[in-house]
Peer 1: 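After the structure tokens below, expect a handful of questions from me.
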There are 2 protein chains.
Amino acid sequence: MLRLSKLADYAVLTLVGLGRHDEVVTSSALAAETGVPEPTVAKVLKTLSADGLLVSQRGARGGYRLACKLEDISVARVIAAVDGPISLTACVSGGGCDNGADCALYGSWDVVNEAIRDALAGISIAKMAEMSMPARRIRAELCASRDNTLHDSKSADQVGTFGG
Amino acid sequence: MLRLSKLADYAVLTLVGLGRHDEVVTSSALAAETGVPEPTVAKVLKTLSADGLLVSQRGARGGYRLACKLEDISVARVIAAVDGPISLTACVSGGGCDNGADCALYGSWDVVNEAIRDALAGISIAKMAEMSMPARRIRAELCASRDNTLHDSKSADQVGTFGG
DNA sequence: CCATTATGGACTAAATCAGTCCGGTTTCCA
DNA sequence: TGGAAACCGGACTGATTTAGTCCATAATGG
């Protein structure tokens with residue numbers, strides 16, 4: 001639970017992908033790079049663009065590019081863009097509470113929501129990318145050093161190099 | 001998104017309800033108190049009990065009571081109990097990533113997950129209850145007399161009345 | 001013009017969740 | 001000792017949400 005939508009996952013992936021280019025990139029190119037199906041990438045790109053995270057260029061030779069640096073984009077921002085406001089439950093002060101008049105927790109989730117928003121606002125996409133690549137490398141080296149303790153071919157596939 | 005399940009909401013509600021009793025309370029009594037349908041409350045109670053948050057007493061005159069004080073129960077704990085591990089996406093280091101070998105974010109969500117877990121671990125159910133009741137009171141009084149300064153002391157602890 | 005590319009919306013299938021129900025077991029009490 | 005009260009565990013169903021796709025349209029460059 002507290003499960004993130006896949007779209008948000010794709011969004012981060014896409015943003016990182018875009019971060020590797022200086023010029024505009026088409027959605028199909030991005031799809032090829034990330035391995036995510038084209039229509040899905042297109043959808044994510046549209047959403048991100050609508051939110052202002054990307055700048056789009058229509059027409060031939062068009063595409064997308066980042067509106068700002070990855071360091072300046074927080075996870076909170078991305079999640080909010082693709083999945084709407086970060087709010088843990090329907091029972092918040094602003095809206096109506098399904099539990100009705102008996103609800104003893106009116107507004108109490110606000111504290112929680114704020115805490116989460118703070119946590120997410122403090123992590124940039126750049127940071128995420130930074131935390132992931134070395135992790136993969138380290139893991140790959142661990143596997144190498146332990147030599148043949150690796151039996152799972154799928155795992156072997158997973159640590160395969162990806163372009164960078 | 002990042003939407004909490006209703007079960008978790010009910011769980012907190014139920015825990016706070018239980019916190020008002022010293023002796024064991026039956027699920028039907030709790031249902032009556034909270035206004036949540038009986039089967040649903042029963043389900044939540046069962047889950048919470050299985051997780052060790054509650055102590056159950058079977059048989060006639062049985063019921064549930066808190067296993068520990070509300071101050072010692074974090075939201076993280078409750079959410080994990082009813083909704084499983086707090087993990088933002090399937091793309092975590094431990095499990096398999098759906099994005100496959102192309103995933104450039106292997107393990108990067110772990111940072112995010114940890115941040116969220118930290119945030120949630122720092123908020124107790126007692127705190128939530130505390131933050132909610134005064135809010136309701138203040139709101140009620142604001143409606144009554146808007147220009148009143150009301151630095152009302154926190155009498156949240158002894159708020160026994162609970163109807164709206 | 002025409003090929004290319006984003007845009008916006010609608011749509012279907014799949015997954016998940018909320019809520020309910022039932023048969024079983026344990027315990028109390030008369 | 002028997003019956004009622006209450007928890008236990010799991011299965012089931014309908015509703016909601018999400019994932020993923022597709023199409024018609026508008027804009028741009030050559």
Side-chain angles (χ1 to χ4, degrees), chain A residues 1-11 13-14 18 21 23-32 34-65 67 79 82-85 87-91 98-99, chain B residues 1-11 13-14 18 21 23-32 34-65 67 79 82-85 87-91 98-99:
Chain A
M1 92 97 257
L2 236 165
R3 212 170 39 90
L4 194 64
S5 75
K6 281 197 165 187
L7 268 304
D9 199 358
Y10 291 151
L13 206 49
T14 304
L18 273 170
H21 298 271
E23 291 305 310
V24 294
V25 190
T26 68
S27 63
S28 56
L30 231 16
T34 57
V36 179
E38 217 173 304
T40 301
V41 169
K43 187 182 194 172
V44 171
L45 253 7
K46 275 187 283 188
T47 306
L48 257 23
S49 177
D51 193 81
L53 245 24
L54 304 181
V55 172
S56 67
Q57 170 77 32
R58 298 178 69 159
R61 311 289 283 229
Y64 296 93
R65 65 179 172 80
I79 291 179
V82 298
D83 284 332
S87 190
L88 236 42
T89 171
C91 183
D98 288 348
N99 295 336
Chain B
M1 83 102 256
L2 236 164
R3 212 169 39 91
L4 194 63
S5 75
K6 281 197 165 185
L7 268 304
D9 198 358
Y10 291 152
L13 206 49
T14 303
L18 273 170
H21 298 271
E23 291 304 312
V24 295
V25 190
T26 67
S27 63
S28 55
L30 231 17
T34 56
V36 179
E38 216 173 306
T40 302
V41 169
K43 187 181 194 172
V44 172
L45 252 8
K46 274 187 284 189
T47 307
L48 256 24
S49 177
D51 193 82
L53 245 23
L54 303 181
V55 173
S56 67
Q57 170 78 32
R58 297 179 69 160
R61 303 294 185 134
Y64 296 93
R65 67 180 172 79
I79 291 179
V82 298
D83 284 330
S87 190
L88 236 42
T89 171
C91 183
D98 289 347
N99 295 335

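Letters A, B, ... are given to chains in the order of the sequence lines, protein chains preceding strands, and every chain is numbered from 1. Note that the structure is predicted; figures quoted are calculated from it, not measured.
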Peer 1: How many Å lie between CG on Leu13(A) and P on dG20(D), as a whole number?
Peer 2: 12 Å

Peer 1: Verify the contact: side-chain N or O of Thr40(B) to OP1 or OP2 of dT20(C), cut-off strictly under 4.0 Å; return yes or no.
Peer 2: yes

Peer 1: Within the structure shown, what part of the strands sits under 4.0 Å from Pro39(B) by heavy-atom distance: base, sugar-phosphate, or nothing?
Peer 2: base

Peer 1: Please enumerate all protein N or O atoms sitting under 3.5 Å from an N or O of nucleotides 11-15 of chain C, with distances to 0.1 Å.
Peer 2:
none

Peer 1: Drop me the distance from Leu45(B)'s CG to Tyr64(B)'s OH, to the nearest 0.5 angstrom.
Peer 2: 4.5 Å

Peer 1: Would you mind telling me which residue lines up with the more 5' stretch of DNA chain D, Ser28(B) or Pro37(A), judged by nearest nucleotide?
Peer 2: Ser28(B)

Peer 1: Checking all strands, does Leu45(B) fall into the base, sugar-phosphate, or nothing category for heavy-atom contacts under 4.0 angstrom?
Peer 2: nothing

Peer 1: Could you tell me the separation between the CD atom of Glu38(B) and the C1' atom of dA6(D), rounded to a whole number of Å?
Peer 2: 11 Å

Peer 1: Going by heavy atoms closer than 4.0 Å, what residues in residues 46-56 of chain A are next to DNA chain C?
Peer 2: Lys46(A), Ser49(A), Ser56(A)

Peer 1: So, using side-chain contact (heavy atoms from CB on, under 4.5 Å) as the criterion, who are the partners of Pro39(A) when residues are at least two apart?
Peer 2: Pro37(A)

Peer 1: Considering all heavy atoms of both residues, which atom of Ala11(A) and which atom of Val82(A) are nearest to each other, and what is their separation?
Peer 2: CB-CG1, 3.8 Å

Peer 1: Tell me whether the side-chain N/O atoms of Tyr64(A) come closer than 4.0 Å to OP1 or OP2 in dT7(C).
Peer 2: yes

Peer 1: Verify the contact: side-chain N or O of Ser27(B) to OP1 or OP2 of dC7(D), cut-off strictly under 4.0 Å; return yes or no.
Peer 2: yes

Peer 1: With sequence neighbours left out, write down each residue that passes side-chain contact (heavy atoms from CB on, under 4.5 Å) with Ala42(A), or none if nothing qualifies.
Peer 2: Ser27(A)

Peer 1: Just verifying a value: how many Å separate Ile79(B) CD1 and Leu7(B) CG, rounded to the nearest 0.5 Å?
Peer 2: 12.0 Å

Peer 1: Does dG19(C) have OP1 or OP2 under 4.0 Å away from a side-chain N or O of Tyr10(B)?
Peer 2: yes

Peer 1: With sequence neighbours excluded, what pairs up with Arg61(B) under the side-chain contact (heavy atoms from CB on, under 4.5 Å) test?
Peer 2: none

Peer 1: What are the two closest heavy atoms between Ala8(B) and Asp83(B), and how far apart are they?
Peer 2: CB-OD2, 3.6 Å

Peer 1: Do Thr34(B) and Val41(B) make a side-chain contact, defined as non-hydrogen atoms from C-beta onward lying under 4.5 Å apart?
Peer 2: yes

Peer 1: Provide a list of protein-nucleic acid N or O atom pairs under 3.5 angstrom, restricted to nucleotides 28-30 of chain D.
Peer 2:
| residue | atom | partner | partner atom | Å |
| --- | --- | --- | --- | --- |
| dT28(D) | O2 | Ala60(A) | N | 2.9 |

Peer 1: Just jot down the side chain to side chain donor-acceptor pair (under 3.5 Å) partners of Thr26(B), sequence neighbours excluded, or say none.
Peer 2: Ser28(B)

Peer 1: Could you tell me the separation between the CG atom of Leu18(A) and the CG atom of Leu53(A), rounded to the nearest 0.5 Å?
Peer 2: 10.0 Å

Peer 1: Taking only residues at least two apart or on different chains, which pairs with a member in residues 39-50 of chain B satisfy salt bridge (Lys or Arg N to Asp or Glu O under 4.0 Å)?
Peer 2: none

Peer 1: Rounded to the nearest angstrom, tell me the gap between atom CG in Asp83(B) and atom P in dG19(C).
Peer 2: 13 Å

